[in-house]
Protein chains: 4
Amino acid sequence: MTEKQLQIVETALHLFAEMGFDAVSTNKIAQEAGVSEGLIFRHFQNKLGLLNAIMQIGAEKIALFSEQIEILATPEEKIQAVLELPFHIKEDEYPFWKLLNGLKWQNQYYDQTAVAPIRNIIEKAFKDMNYSNPTTETDLILAYTDGLATSILLKSTEVDKNELLKTLRKKYNWILKK
Amino acid sequence: MTEKQLQIVETALHLFAEMGFDAVSTNKIAQEAGVSEGLIFRHFQNKLGLLNAIMQIGAEKIALFSEQIEILATPEEKIQAVLELPFHIKEDEYPFWKLLNGLKWQNQYYDQTAVAPIRNIIEKAFKDMNYSNPTTETDLILAYTDGLATSILLKSTEVDKNELLKTLRKKYNWILKK
Amino acid sequence: MTEKQLQIVETALHLFAEMGFDAVSTNKIAQEAGVSEGLIFRHFQNKLGLLNAIMQIGAEKIALFSEQIEILATPEEKIQAVLELPFHIKEDEYPFWKLLNGLKWQNQYYDQTAVAPIRNIIEKAFKDMNYSNPTTETDLILAYTDGLATSILLKSTEVDKNELLKTLRKKYNWILKK
Amino acid sequence: MTEKQLQIVETALHLFAEMGFDAVSTNKIAQEAGVSEGLIFRHFQNKLGLLNAIMQIGAEKIALFSEQIEILATPEEKIQAVLELPFHIKEDEYPFWKLLNGLKWQNQYYDQTAVAPIRNIIEKAFKDMNYSNPTTETDLILAYTDGLATSILLKSTEVDKNELLKTLRKKYNWILKK
DNA sequence: TATGAATGAGGATTCATTCAT
DNA sequence: TATGAATGAATCCTCATTCAT
């Protein structure tokens, strides 16, 4: 990716994350990125192509996350790691996660392949732990993860992440109790 | 509200919920509602006015929920009731909740006054139970609620709600453990 | 058709005829027609829809021509009538014929169904006259008609139509000779 | 002309001929010619310059035709030769003639100097034959030529050129009759 | 010579909104 | 109340053209 392509992608990501894909015009992206509008289309074909490029970059980051989790020793550690994922998102990755979460609610654009690897890890972990209903347990864990991420991403200034994590950890033995 | 106003509101709600506010044109709403485009503006001033009307109706429903919860006897029951809210959303209320969740990620449109009453209930419940950190506990409960709602709303066909609720309930004593 | 629709169709026809379909912008049509650009799309969906509307109107005129020719008594009269068609095009119909001729050379847009009825008349006439090769004779007549139309439409100021017709008529007995 | 220049000219000619000058983008020409878009402008200044280059090459070919006709012995032979020109266009010259014919109908682009020499030959021939109205006779011959060319160029697959020429030739004595 | 990134004006089209009826 | 014609600003996108390499 050239520098200008990166500028476009970064700018678009931030704008999409804050305002939503449809609420951001290509003109606005171009202006804020300091490039001509035409350049967006030369590099990404169309607005959706730009979104896809952004999502692909994000999907690669998620894949990295997954790999790091998969090498953990025990299923319990894996589950805990996923549950704590929201707490380890760096601030500069917030826009991507905001975008991903926002798109979930628009069935024209949402492609859930990006997050699928994470679900697989959890489901396998519960199976390894011989849970009778690994799918349901997975749903519960992911719902919790999802809710925590939402809280952190949207209320970052108000929520005390450390306090939240500390309190969450006290509940682990119960969360995992069969 | 006249019948035509209702048609407009209902149609818009469904479309907004599935596609997102910005992705739905007033023309599309008018067509699907079987009314003229002008009528939307006569009744709701502008597109945002229509959204506000929808949100107000929804806020009233949430207020009803809140009232029903507030009359419960113990704080534990209240917390449990909130946590189980997602399981009691009727299918015809899905669109409103989808819309609300989608809008959360677009800071131009989101108004969180609608859901504030619920937070107040939980926070007060934890205080009544003499928790040392009621705010954090509230955040955790609401995050879980939020995640469960997301799961149910977006994967309604795949998720077995009964199974999920049964498994969730097994964890209550721990969830609430100080 | 409302008055504004007619204005659009008329203006577009003239511009398309003089400059070619692709060389005329919808903005230009709107300005010259004294309407907003949006109105073109409300009434005709898109630029091609506008072209189709124009062509349909023209096709109806051609159909009228055909009917008038078909009621002639003898095959010879019919052939002569077709050959003289170019001389009877009224000035206000020039734009349509210019457009039709220009489009012939662009295989994206050309639809030859409009002129098909005329060919049928000629071919049948030659059959009725027991020509051994009615198809070829038809090709020759239509080529001549086509060339005459081209000459008249493009060089109207320079060509003396009366003189041309007079000279043409001297050749009829030979043109039709088997 | 370098090889790349030729590629550009050839490709552009074919595309212009099939789709029309305005309907072909320089980008498309570059892609189909396998060169960069910038090269078109280095060699031909602008899109119109490319068209002019094409037309000039064609004009030279027409000039060659003219010379071959002018050396014929009698005026009758010359007229016949022009009338039969369409039958002697080689398939690889079709695109140029198609382009020329298409441009006739777009008064921004059309330059009729290319075909002027042919008209002069005919007009002189009729004068040499002491026709009283050589201009009108010329118009008729050229209209016929033009119509025949149109038929051959646009319906090459359907029209049997040999049959057409044979039938045409039967009519010569009459065509030329004063 | 040749490339391809970059531009910005202009393209068709859609949009929310207004207005006469 | 309700329609639907009409608007014009804004949308996404394409275009011919330029320029650094």
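Sequence lines set the chain letters: A, B, ... in the order given, protein chains first and strands last, and positions in each chain run from 1.
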**Item:** Derivation of the side chain to side chain contact (heavy atoms under 4.5 Å, CB included) call for B:Leu100 and B:Tyr110
**Value:** CA-CA 8 Å; B:Leu100 192 67; B:Tyr110 189 55; 4.2 Å; yes

**Request:** For D:Gln45 and for A:Val24, locate the closest nucleotide of DNA chain F by heavy-atom distance; then report the residue assigned to the nucleotide nearer the 5' terminus.
**Result:** A:Val24

**Asked** Any salt bridge between B:Asp111 and B:Lys104, counting N to O under 4.0 Å?
**Response** no

**Item:** A:His43 side-chain N/O to E:dA6 phosphate OP1/OP2 under 4.0 Å
**Value:** yes

**Asked** D:Met1 has an atom CE; how far is it from atom P of E:dT1, in whole Å?
**Response** 14 Å

**Audit row: D:Ile57, D:Phe96, side chain to side chain contact (heavy atoms under 4.5 Å, CB included) steps and yes/no** = CA-CA 9 Å; D:Ile57 295 168; D:Phe96 168 72; over 6 Å; no

**Message:** From the set F:dA6, E:dT1, F:dC12, return the single nucleotide nearest to any side-chain atom of A:Lys47.
**Reply:** F:dC12

**Closest to the C:Lys4 side chain, choosing from F:dT17, E:dA6, F:dT7** = F:dT7

**Fill in**
In whole angstroms, the gap separating P of F:dT17 from CD1 of D:Ile29 amounts to 11 Å

**Asked** If you measure from CH2 on A:Trp97 to CD1 on A:Ile89, what distance do you get to the nearest 0.5 Å?
**Response** 5.5 Å

**Prompt:** Starting at CD of B:Glu3 and ending at P of F:dT1, how long is that distance when rounded to a whole Å?
**Reply:** 15 Å

**Message:** Set out, in order, the CA-CA distance, both residues' side-chain angles and the distance that settles side chain to side chain contact (heavy atoms under 4.5 Å, CB included) for B:Leu153 and A:Trp105, then state yes or no.
**Reply:** CA-CA 9 Å; B:Leu153 291 169; A:Trp105 304 94; 4.1 Å; yes

**Fill in**
Residue pair B:Asp22/A:Leu39 against DNA chain E: nearer the 5' end by closest nucleotide is A:Leu39

**Message:** By nearest heavy atom, map B:Gly38 and A:Arg42 onto DNA chain E; which one lands nearer the 5' end?
**Reply:** A:Arg42

**Message:** Apply side-chain hydrogen bond (donor to acceptor under 3.5 Å, both in side chains) to residues D:Thr11 and D:Glu32 and explain how you reach the verdict.
**Reply:** CA-CA 7 Å; D:Thr11 308; D:Glu32 302 234 340; over 6 Å; no

**Message:** Rounded to whole Å, how long is the line connecting atom CD of A:Glu37 with atom P of F:dA10?
**Reply:** 13 Å

**Request:** Would you sort out whether D:Val9 and D:Phe44 count as a side chain to side chain contact (heavy atoms under 4.5 Å, CB included), showing the intermediate values?
**Result:** CA-CA 10 Å; D:Val9 163; D:Phe44 304 98; 3.6 Å; yes

**Item:** Atom pair distance, as rounded to whole Å: CG in C:Asn46 and C1' in F:dC13
**Value:** 16 Å

Pairs of donor and acceptor atoms involving the side chains of residues 47-55 of chain B, under 3.5 Å and at least two apart or interchain, shall be tabulated with distances.
{"residue": "B:Lys47", "atom": "NZ", "partner": "B:Phe21", "partner atom": "O", "Å": "3.0"}
{"residue": "B:Lys47", "atom": "NZ", "partner": "B:Val24", "partner atom": "O", "Å": "2.8"}
{"residue": "B:Asn52", "atom": "ND2", "partner": "B:Leu48", "partner atom": "O", "Å": "3.3"}

**Request:** Among the candidates F:dT3, E:dT7, F:dT11, find the nucleotide nearest to the side-chain atoms of A:Asn27.
**Result:** F:dT11

**Prompt:** Does E:dA16 have OP1 or OP2 sitting under 4.0 Å from an N or O in the side chain of B:Thr26?
**Reply:** yes

**Complete:** When rounded to whole Å, the CD1 to P distance for the pair C:Ile8 and E:dT13 reads 14 Å

**Message:** Using five base pairs at each end to define the local axes, how bent is the helix from E:dA2-F:dT21 to E:dT21-F:dA2, to the nearest 10°?
**Reply:** 10°

**Request:** Answer with base, sugar-phosphate or nothing: what part of the nucleic acid does C:Ser25 contact at a heavy-atom distance below 4.0 Å?
**Result:** sugar-phosphate

**Request:** Take the protein atom CD of C:Gln7 and the nucleotide atom C1' of F:dA5, then report the distance between them rounded to whole Å.
**Result:** 13 Å

**Request:** Among the candidates F:dG8, E:dA16, F:dC12, find the nucleotide nearest to the side-chain atoms of A:Phe41.
**Result:** F:dC12

**Interatomic distance, A:Phe44 CZ vs F:dT14 P [rounded to whole Å]** = 15 Å

